[in-house]
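Structure, as structure tokens:
Here is how names work: the chains are called A, B, and so on, in the same order as the sequence lines, proteins then strands, and each is numbered from 1. If you're wondering where the values come from, they're calculated on a predicted model, not measured in any experiment.
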Number of protein chains: 2
Amino acid sequence: MKIASWNINSVRFRAAIVEQFLKEAAPDVLCLQETKVVDDDFPFELFRSLGYDHIIIHGQRMHHGVAIVARVPIAEDDRLDWQANAEARHVGIRLPNGVRLENVYIPAGGDVPDREVNPKFGQKLDFLGRMIEWSGKLDCPTILTGDFNIAPLESDVWSHKQLLDVVSHTPIEVETLARLQASNDWVDLGRHFIPAPQRLYTWWSYRAKDWAASDRGRRLDHMWATRDVADKAVAHQVFEPCRSWLKPSDHIPIMTEFDF
Amino acid sequence: MKIASWNINSVRFRAAIVEQFLKEAAPDVLCLQETKVVDDDFPFELFRSLGYDHIIIHGQRMHHGVAIVARVPIAEDDRLDWQANAEARHVGIRLPNGVRLENVYIPAGGDVPDREVNPKFGQKLDFLGRMIEWSGKLDCPTILTGDFNIAPLESDVWSHKQLLDVVSHTPIEVETLARLQASNDWVDLGRHFIPAPQRLYTWWSYRAKDWAASDRGRRLDHMWATRDVADKAVAHQVFEPCRSWLKPSDHIPIMTEFDF
DNA sequence: GCGAGTCCAG
DNA sequence: CTGGACTCGC
């Protein structure tokens, strides 16, 4: 079974590249973040016409929004609102074999890495805190994936030094993410298959004139698994060419293949 | 010589259909209204690449804006601001044979046809008043064309009765336009070639589900000429198919062929 | 409805 | 730089 994750930055605006990705990579399950669409307007037909008949969505009006589409039966498990602020940042399902799949869109955290002057940064750290509590109590085989908006390792960013004070790579975020990882002994599948210090990015800003030439990337998207599930992982890849497709998302998809 | 006029509703957004029209109709001169672009951002290359090397523009930041593009040499004559409000609603040139060509975009006039409650309606009537003064003093062969935003005749609208109180077909506008026409004995070339009561429209609202099926059109675009020039007119046509092209303007082009 | 502006978030 | 919401004018 192949499980993918992609911050799509508006699922309606990305019909063409989603279709191309599903045809080329053929994941069994795709977790989407930043769908930016209310449930009523979700492009169900797009996915059904490609064989992804099982669709679990958690959308909202303008920002955020997550979804899971699958060509295998999936059962909705929960849609958590850890901060009780009605932001659609999580949806969880159960795969046919009983493994849980948790799709999450962690807040970006604004510009200034200071919770005093920038409440969004505080919200991000608080969100991680709530996730840590939740994660510590999980007690079954689980995959946790999505846009975490944190690039923890030096080789997860184009310049460790220049990004130390940039939200997504600050020490406090990296520490907090480490606590989340430790809370359930999560295996970072990206780095399991492509170990540091190899370059591994999943996001490049729209603002760069030529994203590939400057290559100022960051690894913001992740797929983690509990040890029992990680033992079944046989391959992991990131789809860098998607960043060059017409009307691209600023994120690329990631995908892990499991032997189940 | 073939002279056309078209309210293009954003010249930048219409590159494809402008190109198609210029190739199919091959006017020598095209007057544009509602270019919606400042002079610096005008798409010069689009027109030059199609052989329209002579470009006279009078643009502004957001609304309005007029332009004349030609494949024959044209000399800028004037850019009038009758109401001294810096709205770009006129540009005049001189054709190679000395005939003047005046391209005008008369204000739409807002929703309510009452100068007390709707200042825009007053502005429209005032604009016409200034044009009447100007027109009366013209003393050489002239073509006056553009989006007049008035459909004067019963057969210029889909329903005379239903539009009597709708801005563009109210008696006060029709009278005022008649005074403009009388001010220099202008010949209405559209009706010269396609006499009333034949149906003749140049505009259909975007709001109709199926513009062609409901056919609630109005003749808002006109080409007038002084009698000496009108005597040289050999054909006039409106290009209704353009309203069905991809990403259409709500107006269609009109074109008169002259024997000079 | 449709374009262009503005603002916000990324 | 990008997408979506909003406001405005036609």
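Residues B/Val18 and B/Ile8 meet the side-chain proximity criterion, which asks for heavy atoms closer than 4.5 Å.
Sequence order on DNA chain D of the closest nucleotides to B/Pro107 and A/Pro248 puts A/Pro248 first from the 5' end.
Once rounded to the nearest 0.5 Å, the distance linking CD1 of B/Ile106 with OG1 of B/Thr176 reads 10.5 Å. Separating the CD atom in B/Glu240 from the CD1 atom in B/Ile252 is a distance of 5.5 Å, to the nearest 0.5 Å. Considering CZ of B/Arg14 and CG of B/Asn7, their distance stands at 9.5 Å, rounded to 0.5 Å.
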Step by step, would you call A/Asp41 with A/Lys36 a salt bridge (charged side-chain N to carboxylate O under 4.0 Å, His left out)?
CA-CA 10 Å; A/Asp41 294 337; A/Lys36 289 187 174 179; over 6 Å; no
Decide yes or no on salt bridge (charged side-chain N to carboxylate O under 4.0 Å, His left out) for B/Arg191 and B/Asp156, but give the supporting numbers first.
CA-CA 10 Å; B/Arg191 285 308 183 184; B/Asp156 288 341; 2.7 Å; yes
Determine, step by step, whether A/Tyr206 and A/Trp211 satisfy the ring-ring contact (aromatic ring centres under 6.0 Å, His included) criterion, reporting the C-alpha distance in whole Å, the side-chain angles of both residues, the deciding distance to 0.1 Å, and the verdict.
CA-CA 7 Å; A/Tyr206 282 124; A/Trp211 73 274; over 10 Å; no
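Contacts of residues 57-65 of chain B with DNA chain C (heavy atom under 4.0 Å): B/Arg61, B/Met62. Remark: A/Ser10, A/Phe13, A/Arg14 in residues 6-16 of chain A come within less than 4.0 Å of DNA chain D through at least one heavy atom. Contacts between residues 200-207 of chain B and DNA chain C, defined by a heavy-atom separation under 4.0 Å, are made by B/Tyr206, B/Arg207.
By the ring-ring contact (aromatic ring centres under 6.0 Å, His included) test, A/Phe239 is found to be paired with A/Phe21, residues two or more places apart in sequence or in another chain being considered.
Side chains of B/Gln83 and B/Glu87: no donor on one and acceptor on the other come within 3.5 Å. A side-chain donor-acceptor contact under 3.5 Å links A/His160 and A/His169.
Between A/Phe42 and A/Phe47, the ring-plane angle classifies as parallel under the 30° and 60° cut-offs.
Minimum interatomic distance between A/Gln123 and A/Pro107 (heavy atoms only, all atoms of both residues): NE2-CG, 3.7 Å. The two residues A/His64 and A/Ala88 make their nearest non-hydrogen contact at CB-O, 3.5 Å.
Taking the charged nitrogens against the carboxylate oxygens, B/Lys23 and B/Glu19 do have a contact shorter than 4.0 Å, which makes a salt bridge. The pair A/Asp210-A/Arg243 does not count as a salt bridge, with every side-chain nitrogen at least 4.0 angstrom from each carboxylate oxygen.
Counting 5' to 3', DNA chain D first comes under 4.0 angstrom of a heavy atom of chain B and last does so at the ends given by D/dG9 to D/dC10. Here chain B contacts DNA chain C (any atom closer than 4.0 Å to a heavy atom, that is under 4.0 Å), and the contacts span C/dG1 to C/dT6 from 5' to 3'.
Note on B/Lys120: only backbone sugar-phosphate atoms sit closer than 4.0 angstrom, heavy atoms only; bases stay farther off.
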